[in-house]
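Notes to accompany the following structure.
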Amino acid sequence: MPALEAAAAPAVEVERPANPAFGDLATNLAMKLARPLRRPPLEIAEALAASLRDGPASAPDLVAAAEVARPGFLNLRVADAAYEAVVARILADPAGWGRIPAVNPRRVNVEFVSANPTGPLTVGNARGAFVGDLLCRVLEAGGQAVTREYYFNDSGTQIDHLGASVAAVRRREPVPDDGYKGAYVEQLAREVPDDVWAAAFEPGAGTSAVLGAWASRRVRGMIEASLARLGVHFDVWKSEASLHEEGWVDRAVERLRATGTVYEQDGATWFRSTAYGDDKDRVIYRSDGRPTYFAADIGYVTEKFSRGFDHLIYVWGVDHHGTVARNRNAAQAMGYDPDHYQVILIGWVRFVVDGVEVSMSKRAGTFVTLDDLLDAVGADAARWFFASRATHVEIDFDIELARKQSSENPVYYVQYAHARIASILRKAAEAGLAPAPDVAGLLAGEPEAALVRVVARLPEVVEDAVLAEETQGVTAYATELATQFHAFYRDARVIDAATPERSAQRLALALATKVTLAKALALLGISAPESM
RNA sequence: GCCCCCGUAGCUCAGCGGAUAGAGCAGCCGCCUUCUAAGCGGUAGGCCGCAGGUUCGAUUCCUGCCGGGGGCGCCA
């Protein structure tokens, strides 16, 4: 084997062949080396295989076979002992199984949902809530310290409109055109305490503002309760008004001004976003002096970084795509690394019933609430639905279908496998059988060998999810593992007093599978029931 | 006009440089005297939008086109 120039050495890529006949692992290294070495790929692969078999690279405890295949693949078969060691390790330390070395140990702030408290969360907010929380779980799995943050506007015209709507409904007057309608407004109107109602009509009190402030606090409580049903909990609830009151906005604008990227024109104050590649410059203070939403965003960035975060993530709907550049540009202008201002855009969700899109509008009151969705399909099923699809793609959510299929939903299939194992373990305990700590020889059985190979993949599935900041791989893996277990259940009798040693080993494998399923589900925030 | 995303099985979606393209649901045919049938087996179903290009190799990367969605406010 000729020595390789370091620069010419390609990265070693190892993958899992789709076809089990090709072994457990395969590498295209020989094909990558063909050009720099100017040798046929098959010849190189053969040399590598020889080295692994009984040469300097041989490791009989890990690699049981090394074979060369057609274009130049090097296919490896992992030793049974290596898989058996995995099972033993899972049983010895279940909590540690699936934990991976920290990928990026940093303090990260993840802001998501952030719907204004002018009405209950709708199904439109559901994806943001699930995806945001899923992202946080994945980041945590990668060793990051995550703060879940909810940003909301608790003052201003929208809140005034809410207050005016509540007042109108309470007085049985028509709701203003720009007001809010819907059952929740009627509920709010009924619940206004007498002292609040009286205060709202004090001379000079500002009826809409007073009622709006009260109503938005009530709505925020409703939102928090809905999120709790999803299993989503925020660490920080940040009000936009507080950013202004505490001076974050003005200070940030002055900081920008000092860099020369702020100018006055037409009576307004602008940020020179085009200096960083944006289409146009952006207004910070309107000509009447009122700050734009962008102004608050600028102040918020400085406020977040002042709390010591290394990295900020914003989970937004695609409709906010146009605001990404200005915000990142402003962060950069203020001296922050733009790579630490990350925006994740969530694809649109079309909620359809019988193939027809359901339009949603808080103002028109024609929306399906998040609670309606949960009543229909359940938190685990809804969470699974979003976890199994890429964040950025647009998706259809057929509510009727989800409701109808709920018992056929893949999430129940996976949970069922977990519950089934739990049942077996209970039965085994009654029969006086316990999982064997030592499973040497376990792989002799075909059903066992097939199952272990899937169980053993958990760490890399977790790592892939962390690197991609996506969870579809986890749902796919959980489904595959459940399928493999069901096959094992069919082919291998676990509880069998006639062969106690084999039974104990199979119990160990079943338990390892249960732990693995639970880990995958936990990463997704989905429950792993002991019985169904 | 400019920018972003998508186009894979009847439907909803994975796969995103490798060796026969996958899952769930829907369809059809079977399987409960045995550890949970929310299960299992079998079967059927695809010019991976179209056309070029890069590569030993493209559903995967690049370009163009066609089709769908979204964004381009001193709104949020």
Side-chain angles (χ1 to χ4, degrees), chain A residues 13 15 17-19 21-22 26-28 31-32 34-35 40-41 69-73 75 114-116 118 153 156-158 240 265-270 278-280 282-297 317-325 345-348 350 352 355 384-385 388-390 392-398 401-402 404-417 419-428 430-431 433 470 472-473 475-476 479-480 482-483 485-487 489-496 503 506-507 510 529 531-532:
Chain A
E13 293 171 24
E15 60 172 15
N19 186 339
F22 296 133
T27 178
N28 59 2
M31 287 178 282
K32 293 284 184 193
R35 185 184 290 263
R70 244 194 312 149
F73 286 105
N75 296 329
S114 295
N116 280 337
T118 53
N153 184 353
T157 49
Q158 307 225 24
E240 181 187 344
Q265 186 178 304
D266 303 329
T269 301
W270 300 71
D278 201 355
D279 297 24
K280 51 193 76 169
R282 308 293 176 173
V283 172
I284 299 171
Y285 291 114
R286 289 173 265 232
S287 47
D288 63 6
R290 288 157 52 229
T292 60
Y293 204 82
F294 174 47
D297 286 341
V318 268
D319 51 324
H320 283 64
H321 163 252
T323 66
V324 175
L345 296 177
I346 303 180
W348 201 250
R350 290 175 71 239
V352 296
W384 180 279
F385 179 87
S388 60
R389 283 141 176 89
H392 69 279
V393 301
E394 175 185 337
I395 54 180
D396 279 10
F397 192 116
D398 189 318
L401 204 61
K404 200 167 15 179
Q405 292 175 179
S406 63
S407 67
E408 298 299 321
N409 192 301
V411 71
Y412 297 115
Y413 177 82
V414 174
Q415 290 180 320
Y416 181 71
R420 206 177 210 186
I421 298 171
S423 172
I424 291 171
L425 291 169
R426 283 193 297 269
K427 277 255 165 54
E430 289 169 15
L433 289 164
E470 290 276 3
Q472 319 89 276
T475 55
T479 304
E480 187 184 343
T483 298
F485 178 77
H486 288 311
Y489 177 87
R490 180 196 65 223
D491 297 332
R493 174 92 198 168
V494 178
I495 300 173
D496 186 359
S503 195
R506 285 180 173 172
L507 274 172
S531 67
M532 285 176 77

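Residue numbers start from 1 in every chain, and the chains themselves are labelled A, B, ... in the order their sequence lines are given, proteins ahead of strands. The structure presented is a predicted model; accordingly, all values stated were derived computationally and were not measured.
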Rounded to the nearest Å, what distance is computed from the [atom1] atom of residue [X] to the [atom2] atom of nucleotide [N]?
X: H320(A); N: rG70(B); atom1: NE2; atom2: P; answer: 15 Å
X: D279(A); N: rC2(B); atom1: CG; atom2: P; answer: 12 Å
X: D266(A); N: rG73(B); atom1: CG; atom2: P; answer: 15 Å
X: I284(A); N: rG73(B); atom1: CD1; atom2: C1'; answer: 16 Å
X: Y285(A); N: rG73(B); atom1: OH; atom2: C1'; answer: 19 Å
X: K280(A); N: rG1(B); atom1: NZ; atom2: P; answer: 16 Å
X: H321(A); N: rC3(B); atom1: NE2; atom2: P; answer: 11 Å
X: L345(A); N: rC3(B); atom1: CG; atom2: P; answer: 17 Å

Within the 4.5 Å heavy-atom criterion, are [X] and [Y] side-chain neighbours or not?
X: Y489(A); Y: V494(A); value: no
X: W384(A); Y: V414(A); value: yes
X: L345(A); Y: H392(A); value: no

- Relative to the 5' end of RNA chain B, which residue comes earlier, D288(A) or A69(A), by the nucleotide with the nearest heavy atom? A69(A)
- When E240(A) and F73(A) are each assigned the nearest nucleotide of RNA chain B, the 5'-most assignment goes to F73(A)
- Note on the structure: Closest heavy-atom pair, T475(A) versus Q472(A), reported as atoms and distance to 0.1 Å, is OG1-O, 2.9 Å
Has [X] got a side-chain atom pairing as donor or acceptor with [Y]'s backbone, closer than 3.5 angstrom?
X: D288(A); Y: R290(A); value: yes
X: N153(A); Y: N116(A); value: no
X: S503(A); Y: D496(A); value: yes

- Query: Do D319(A) and rG71(B) share a donor-acceptor pair, side chain to base, under 3.5 Å?
  - Reply: no
- For the base of rC74(B), is there a side-chain donor-acceptor partner from S287(A) under 3.5 Å away? yes
- Assert yes or no for the condition that the ring centre distance of F397(A) to F385(A) is strictly below 6.0 Å. yes
[N] - base-pair partner by Watson-Crick or wobble geometry, distances under 3.5 Å:
N: rG10(B); value: rC25(B)
N: rG52(B); value: rC62(B)
N: rG39(B); value: rC31(B)

Taking only the side-chain nitrogens and oxygens of [X], find out if one of them lies under 4.0 Å from OP1 or OP2 of [N].
X: H392(A); N: rC6(B); result: yes
X: K32(A); N: rG17(B); result: no
X: Q472(A); N: rG15(B); result: yes

Taking atom [atom1] in both [N] and [M], compute the distance separating them and give it to the nearest angstrom.
N: rC3(B); M: rU8(B); atom1: P; value: 25 Å
N: rC25(B); M: rC62(B); atom1: C1'; value: 36 Å
N: rU60(B); M: rA37(B); atom1: C1'; value: 39 Å
N: rG39(B); M: rG24(B); atom1: C1'; value: 15 Å
N: rU43(B); M: rC6(B); atom1: C1'; value: 33 Å
N: rA58(B); M: rG17(B); atom1: P; value: 14 Å
N: rC11(B); M: rG46(B); atom1: C1'; value: 14 Å
N: rG53(B); M: rA14(B); atom1: C1'; value: 28 Å

Which part of the nucleic acid does [X] contact within heavy-atom distance under 4.0 Å: base, sugar-phosphate only, or nothing?
X: D398(A); answer: nothing
X: A419(A); answer: base
X: T269(A); answer: nothing
X: A428(A); answer: nothing
X: N75(A); answer: base
X: T475(A); answer: nothing
X: V393(A); answer: sugar-phosphate
X: P410(A); answer: sugar-phosphate

- Task: Assign rC32(B) to syn or anti; the rule is syn for a glycosidic angle within 90° of 0 and anti otherwise.
- Result: syn
- Query: Going 5' to 3' along nucleotides 39-44 of chain B, which nucleotides have protein heavy atoms under 4.0 Å from the base (write B), which only from the sugar-phosphate (write S), and which from neither (write -)?
  - Reply: SSS---
- Query: Less than 5.5 Å between centroids and less than 30° between ring planes, does F22(A) satisfy that with rA19(B)?
  - Reply: yes
Report the distance from atom [atom1] of [X] to atom [atom2] of [Y], rounding to the nearest 0.5 Å.
X: T323(A); Y: F294(A); atom1: OG1; atom2: CZ; answer: 9.5 Å
X: R506(A); Y: R493(A); atom1: CZ; atom2: CZ; answer: 10.5 Å
X: E15(A); Y: F73(A); atom1: CD; atom2: CZ; answer: 6.0 Å

- Message: Heavy atoms from C-beta onward define the side chain here; which of rG18(B), rG70(B), rC35(B) lies closest to that of R493(A)?
- Response: rC35(B)
- Output the single nucleotide from rA76(B), rA14(B), rC13(B) whose closest atom is nearest the side chain of N153(A). rA76(B)
